[in-house]
Amino acid sequence: MKEETMRKEITISAEPRDTRGKNEARRLRVSGATPAVLYGSGGAAVAVAVNPKEVNRILHSKTGQNTIFDIAVKGGETTPVMIVDWQNDPLKDNLLHVDLKRIDLTARIRVKVPVRTVGDPAGVKLQGGLHEAITREIEIECLPDEIPEEFTVDVHELMIGQSVRASDIALVGSTRLLSPPDSVISHVITIKVEVEPVVAEVAVAPAAAEPEVLKKGKKEEEAPPPEEKKKK
């Protein structure tokens, strides 16, 4: 099922930047702004500065990175854009840089959209199976104004051994599926019961008594033969 689209009535102001480089970027961050670059859709790349709070508000919204909003460059253009890349400070989690791409609302674009399952599968309630979500997003191509927030898939009829695949998701309008059609979204499987291996008891025969070892003593010395009587 298709939900609300990603196109939002949001406008973010941007200040043009005349200079670039690490020192300029550092100065902007100290002043509370974040350096950004605006490019794409046949236009020249423009260096700008934006308010990081406004950008983070979009990134952390339900539509997230797929949100299409307007950017208004002071003394320049106002155009629809999407956030295509950003960088955060790994320690402070501050927004360090943003890449903004101009969006032609008449041209198809590729995006990844989350997939959410709803319902309790019959295979879980009636058969004691296990429901697993395998794929949590699919890639589609559509017009920018038709990007859905998410797709929802009803799984309440799934029995053990049955699954929902990407090709089962209903697409409307200009939307075309780019993910492999046979990609499994979710399925119900049998719960594997681990059986502990049975170790057979082996009767161990008592150890045989060790044969008595006779000590070999010295042979008794044989008495020397009697001396023969001398013949007279």
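Residues take their numbers from the sequence shown, with the count starting at 1. As the structure is a computational prediction, the values presented were derived from the model and not from experiment.
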Item to check | Chi angles and distances behind the side-chain contact (heavy atoms from CB on, under 4.5 Å) call for T117, H131 | outcome: CA-CA 10 Å; T117 60; H131 178 232; 3.8 Å; yes

Item to check | Verdict with supporting geometry, I185 and I134, side-chain contact (heavy atoms from CB on, under 4.5 Å) | outcome: CA-CA 5 Å; I185 303 301; I134 305 301; over 6 Å; no

Checklist entry - Checking side-chain contact (heavy atoms from CB on, under 4.5 Å) for the pair S61/T67: CA distance, chi angles, key distance, verdict? => result CA-CA 9 Å; S61 68; T67 305; 3.8 Å; yes

Checklist entry - Can E139 and S179 be said to form a side chain to side chain donor-acceptor pair (under 3.5 Å), step by step? => result CA-CA 5 Å; E139 187 175 17; S179 293; 5.2 Å; no

Checklist entry - Are S186 and V155 close enough, and set up right, to give a side-chain contact (heavy atoms from CB on, under 4.5 Å), and what steps lead you there? => result CA-CA 8 Å; S186 70; V155 297; 3.6 Å; yes

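Expressed to the nearest 0.5 Å, how far CD1 of I147 lies from OG1 of T63 amounts to 10.0 Å. Note: R17 CZ to L28 CG = 6.0 Å, rounded to the nearest 0.5 Å. One distance of note links CG of L178 with OG1 of T175; it measures 10.0 Å at 0.5 Å rounding. To the nearest 0.5 Å, the span separating CH2 on W86 from CG on L100 amounts to 11.5 Å. For the atom pair CD1 of I71 and CD1 of I103, the computed distance is 12.0 Å after rounding to the nearest 0.5 Å. Note: H60 NE2 to Q65 CD = 12.0 Å, rounded to the nearest 0.5 Å.
Under the 4.5 Å side-chain criterion, counting only non-hydrogen atoms from C-beta, H97 is in contact with V37. Between V124 and L130, the closest side-chain pair of non-hydrogen atoms is not below 4.5 Å. With contacts defined as side-chain heavy-atom distances shorter than 4.5 Å, the pair V81/Y39 does not qualify. Between T34 and V55 there is no side-chain heavy-atom pair separated by less than 4.5 Å. Counting only heavy atoms from C-beta outward, the side chains of L105 and D145 approach each other to under 4.5 Å. Under the 4.5 Å side-chain criterion, counting only non-hydrogen atoms from C-beta, H156 is not in contact with D120. Side-chain contact check for I189 versus E132: some heavy-atom pair is nearer than 4.5 Å. In this structure, V118 and V153 have side chains that are not in contact, with every pair of non-hydrogen atoms separated by 4.5 Å or more.
For the residue pair V188 and P121, the shortest heavy atom distance occurs at CG2-CB, 3.7 Å. Closest heavy-atom contact between V113 and E150: CG1-CA, 3.6 Å.
With sequence neighbours excluded, the residues that form a side-chain contact (heavy atoms from CB on, under 4.5 Å) with D104 are S41, T106, A107.
A salt bridge is absent between E54 and R57; no separation between the charged side-chain nitrogens and carboxylate oxygens falls under 4.0 Å. Between E141 and R110 there is no salt bridge, since no side-chain N of the basic residue sits under 4.0 Å from a carboxylate O of the acidic one.
With hydrogens and angles disregarded, a donor-acceptor distance shorter than 3.5 Å links the side chain of R29 to the backbone of L96. In this structure, the side chain of R116 does not engage the main chain of T152 through any donor-acceptor pair within 3.5 Å.
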Check residues 160-173 and write down every donor-acceptor pair under 3.5 Å in which the side-chain atom is one partner and the other belongs to a residue at least two apart or another chain.
residue : atom : partner : partner atom : Å
Q162    : OE1  : M159    : N            : 2.8
R165    : NH1  : D182    : O            : 2.7
S167    : OG   : P181    : O            : 3.3
D168    : OD2  : R165    : N            : 2.8

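More than 12 heavy atoms of other residues, nucleotides or ligands shown are found within 6.0 angstrom of CZ on R108.
In terms of hydrophobic clustering, with Ile, Leu, Val, Met, Phe, Trp and Tyr side chains grouped at heavy-atom distances under 4.5 Å, V46 and I12 are assigned to a common cluster. No path of Ile, Leu, Val, Met, Phe, Trp and Tyr side chains, each step under 4.5 Å between heavy atoms, connects L177 with L143, placing them in separate hydrophobic clusters. Hydrophobic clustering of Ile, Leu, Val, Met, Phe, Trp and Tyr side chains at less than 4.5 Å, counting indirect connections, keeps F69 apart from V84. Cluster membership for I10 and V73, using ILVMFWY side-chain heavy atoms within less than 4.5 angstrom, is shared.
Side-chain contact check for E146 and S174: at least one donor-acceptor pair (N or O, by modelled atom type) lies under 3.5 Å.
With N88 as reference, L95 is the one residue of L59, N94, L95 to meet the side chain to side chain contact (heavy atoms under 4.5 Å, CB included) rule.
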